[in-house]
Peer 1: 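I'd like to ask some things about the structure below.
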Amino acid sequence: MQLTLFTNDDTSQIVSYKLARIIFAETSGKTLPIVEAMASMIYNIHIKYNKSFESIAMDADIFECLNLKSIRHNDLNVNPNDRKFQMCLRVVQTMMRGNLRDSVFGATKFHHANIIPQWAMSRGYITECEDILFYL
């Protein structure tokens with residue numbers, strides 16, 4: 001068997017795939033509203049903190065799934081032809097063009113409802129979508 005290496009010089013496409021993988025890993029691509037909520041939060045971080053999408057896609061402090069010990073880490077390896085992943089990718093591309101409405105009211109942090117991180121103890125969440133809570 002011979003392996004073929006595919007390369008892509010379009011950095012925006014590389015970043016959109018990274019972000020789509022992260023959104024898939026954090027949400028399991030369950031529904032369009034939760035995927036849009038996560039993408040909205042990413043856009044809010046991009047705007048509020050002037051962070052590039054590429055740096056956001058590598059920030060393990062934002063996304064638990066980027067940590068090797070995370071139960072969601074293996075979900076980053078989703079098949080790119082998976083229809084739920086394709087939904088995540090379409091939403092990310094819409095978000096990167098600035099065409100996604102903010103469904104999380106400016107939120108820049110999140111956590112899953114079954115885990116309460118220390119930083120969330122003294123804050124009230126501003127919205128929730130399915131099993132994810134979003135914060136300013």
Side-chain angles (χ1 to χ4, degrees):
M1 182 169 129
Q2 184 177 3
L3 296 177
T4 305
L5 177 63
F6 292 95
T7 60
N8 188 337
D9 295 331
D10 182 351
T11 50
S12 68
Q13 192 171 23
I14 293 168
V15 172
S16 66
Y17 270 80
K18 285 181 182 179
L19 289 171
R21 288 179 184 282
I22 289 168
I23 290 174
F24 178 84
E26 293 292 355
T27 67
S28 302
K30 285 186 217 172
T31 65
L32 182 59
I34 191 59
V35 169
E36 287 179 337
M38 190 64 65
S40 292
M41 186 203 67
I42 291 168
Y43 194 77
N44 292 340
I45 293 167
H46 169 70
I47 296 299
K48 184 172 183 178
Y49 300 112
N50 198 28
K51 287 184 77 166
S52 71
F53 290 123
E54 187 169 6
S55 67
I56 294 169
M58 298 183 322
D59 195 333
D61 290 332
I62 299 172
F63 302 107
E64 175 204 350
C65 68
L66 295 176
N67 295 304
L68 293 174
K69 295 181 180 178
S70 169
I71 60 170
R72 294 176 180 82
H73 184 74
N74 287 338
D75 291 340
L76 292 170
N77 297 318
V78 61
N79 180 330
N81 295 318
D82 180 282
R83 80 177 170 79
K84 290 180 179 182
F85 173 76
Q86 286 295 313
M87 174 183 60
C88 295
L89 184 59
R90 285 189 303 275
V91 169
V92 165
Q93 291 166 338
T94 300
M95 177 269 300
M96 289 178 75
R97 288 190 301 271
N99 295 327
L100 185 67
R101 71 176 180 82
D102 181 2
S103 62
V104 294
F105 310 102
T108 57
K109 291 184 171 286
F110 80 100
H111 68 81
H112 295 270
N114 62 338
I115 301 167
I116 301 177
Q118 189 65 37
W119 61 260
M121 296 288 192
S122 62
R123 296 179 176 195
Y125 63 91
I126 59 169
T127 192
E128 83 178 278
C129 187
E130 297 182 27
D131 65 341
I132 297 179
L133 303 157
F134 293 90
Y135 298 76
L136 290 176

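Counting begins at 1 with the first residue of the sequence.
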Peer 1: Using a 6.0 Å cut-off, check whether atom CG of Asn79 has over 12 heavy atoms from anything other than its own residue.
Peer 2: yes

Peer 1: Return yes if some donor-acceptor pair links the side-chain N/O of Ser28 with the main-chain N/O of Lys30 below 3.5 Å, else return no.
Peer 2: no

Peer 1: Does some side-chain heavy atom of Phe53 sit less than 4.5 Å from a side-chain heavy atom of Val92?
Peer 2: no

Peer 1: Rounded to the nearest 0.5 Å, how far apart are OH of Tyr43 and CG of Asn99?
Peer 2: 8.5 Å

Peer 1: May I ask whether Leu100 and Ile23 are part of the same hydrophobic cluster, defined by side-chain heavy atoms of I, L, V, M, F, W, Y residues being less than 4.5 angstrom apart, directly or through others?
Peer 2: yes

Peer 1: Please round to the nearest 0.5 Å and tell me the distance separating atom CZ of Arg21 and atom OG of Ser16.
Peer 2: 10.5 Å

Peer 1: Nearest 0.5 Å, please: how far is CZ in Phe110 from OG1 in Thr127?
Peer 2: 14.5 Å

Peer 1: Checking Glu128 side chain against Phe134 main chain: does a donor-acceptor pair fall under 3.5 Å?
Peer 2: no

Peer 1: Are Tyr135 and His111 close enough that their ring centres sit under 6.0 Å apart?
Peer 2: yes

Peer 1: So do Glu36 and Met95 actually touch side chain to side chain, heavy atoms under 4.5 Å?
Peer 2: no

Peer 1: Okay, side chain of Asn44, backbone of Ala107: is any donor-acceptor separation there less than 3.5 Å?
Peer 2: yes

Peer 1: Could you tell me the separation between the CG atom of Asp75 and the NZ atom of Lys84, rounded to the nearest 0.5 Å?
Peer 2: 10.5 Å

Peer 1: Look at the side-chain heavy atoms of Ile, Leu, Val, Met, Phe, Trp and Tyr, link any pair under 4.5 Å apart, and say whether Phe24 and Tyr17 land in one connected group.
Peer 2: yes

Peer 1: Hydrophobic cluster membership, with links at side-chain heavy-atom distances under 4.5 Å among I/L/V/M/F/W/Y: are Ile115 and Met38 in one?
Peer 2: no

Peer 1: Leu19 and Ala57: which non-hydrogen atoms are nearest, and at how many Å?
Peer 2: CD2-CB, 3.7 Å

Peer 1: Counting distance only, does the side-chain N/O of His46 pair as donor-acceptor with the main-chain N or O of Ser52 below 3.5 Å?
Peer 2: no

Peer 1: Listed by chain and number, what are the salt bridge (Lys or Arg N to Asp or Glu O under 4.0 Å) partners of Lys48, not counting sequence neighbours?
Peer 2: none

Peer 1: Give a yes or no answer on whether the side chain of Asn67 reaches the backbone of Lys69 with a donor-acceptor pair at less than 3.5 Å.
Peer 2: no

Peer 1: Answer with yes or no whether the hydrophobic clustering places Leu133 together with Phe63; edges join I, L, V, M, F, W, Y residues whose side-chain heavy atoms lie under 4.5 Å apart.
Peer 2: no

Peer 1: Counting distance only, does the side-chain N/O of Glu26 pair as donor-acceptor with the main-chain N or O of Cys65 below 3.5 Å?
Peer 2: yes

Peer 1: Quick check: closest heavy atoms across Val35 and Met87, and the distance to 0.1 Å?
Peer 2: CG2-CE, 3.7 Å

Peer 1: I'd like to check Asn114 versus Asp131 (side-chain heavy atoms, cut-off strictly below 4.5 Å). Are they in contact?
Peer 2: no

Peer 1: Rounded to the nearest 0.5 Å, how far does CE of Met41 lie from CD1 of Ile56?
Peer 2: 8.5 Å

Peer 1: Side chains of Met121 and Ile116: closer than 4.5 Å at any heavy-atom pair?
Peer 2: yes

Peer 1: Give a yes or no on whether Val104 and Tyr49 share a hydrophobic cluster (residues Ile, Leu, Val, Met, Phe, Trp, Tyr; joining criterion: side-chain heavy atoms under 4.5 Å apart).
Peer 2: yes

Peer 1: Can you confirm whether more than 12 heavy atoms, excluding those of Arg97, are under 6.0 Å from its CZ atom?
Peer 2: yes

Peer 1: To the nearest 0.5 Å, what is the distance between CD1 on Ile62 and OG on Ser55?
Peer 2: 7.5 Å

Peer 1: Other members of the hydrophobic cluster containing Leu136, with the 4.5 Å side-chain heavy-atom rule, please.
Peer 2: Phe105, Ile126

